[in-house]
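Data first, discussion second: the structure below is written as C-alpha cells.
One-based numbering, in listed order, for ligands and for the atoms of each. Side chains are part of it too, since the values below use all heavy atoms of this structure and drop only hydrogens, waters and symmetry mates.
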Amino acid sequence: MIRTALAAVLLCSLSSLAWADTHEVKMLNRGPNGPMDYDPAYLVVKPGDTVKFLPTVKGHNVATIDGFIPEGAEPFLSKINQEFEVTLEEEGTYGVKCSPHFDMGMVMLIQVGERKAEEVKLPEKLPPSARKRFTKIIETAKQAGL
Ligand SMILES: [Cu+2]
C-alpha cells in the first residue's frame, strides 16, 4: 500500500517535470493573417511553457507591448534576426509586436492559462493596423473555440 503511494508520488513529480512545453512561432514577411505576420498569431499555453520565436525570414523581432501583459509579468525584447525563447509564468494575455513592423500590424496574442479570446481587452493606444490585426486574430480564435 505504502509502496503504491510512493510510486504514485514519484510518477506525479516525473510528469510535472515533463509537463512544460515549448511552442514555436515563425516570424514572416507574409503569413496566414497577411503581410508581416507571426505564425501562429494566437497561442494558448500553460504557465511555465516556453515560446520560441524563429527568425524564419529576416528583419523581425518580438517585444511585449506596453500595458498589454499580465500584472507582475516581465516585459521582454529580442534582437532583430535572432531566435528568442521566453518562459511565461504569469497567467493572462500577452500582446507582442515586431518593433519595426508594429505600425504595419505585426502583432500576436499569447494566452497563458485558462483565458479565452472573448476575454481579451485590447489597450486604448494601438496603431490602427495593429488594432485591425488583433481584431482579426481574436475573431479567428473565437471561431476556433479558443
Ligand atoms: Cu517584423
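Using a 4.5 Å heavy-atom cutoff, the side chains of Val120 and Gln111 are in contact. Side-chain contact between Val45 and Asp21 is absent, with no heavy atoms from C-beta onward closer than 4.5 Å.
For the pair ND1 of His60 and SG of Cys98, the angle whose vertex sits at the Cu ion (ligand 1) is 130° to 10 degrees.
Scanning for salt bridge (charged side-chain N to carboxylate O under 4.0 Å, His left out) contacts around Glu83 gives Lys52, with sequence neighbours left out. By the salt bridge (charged side-chain N to carboxylate O under 4.0 Å, His left out) test, Lys116 pairs with no residue at all, sequence neighbours left out.
For His101, the N, O or S atom closest to the Cu ion (ligand 1) goes by the atom name ND1.
At least one N/O/S atom of Met106, from backbone or side chain, sits under 2.8 Å from the Cu ion (ligand 1).
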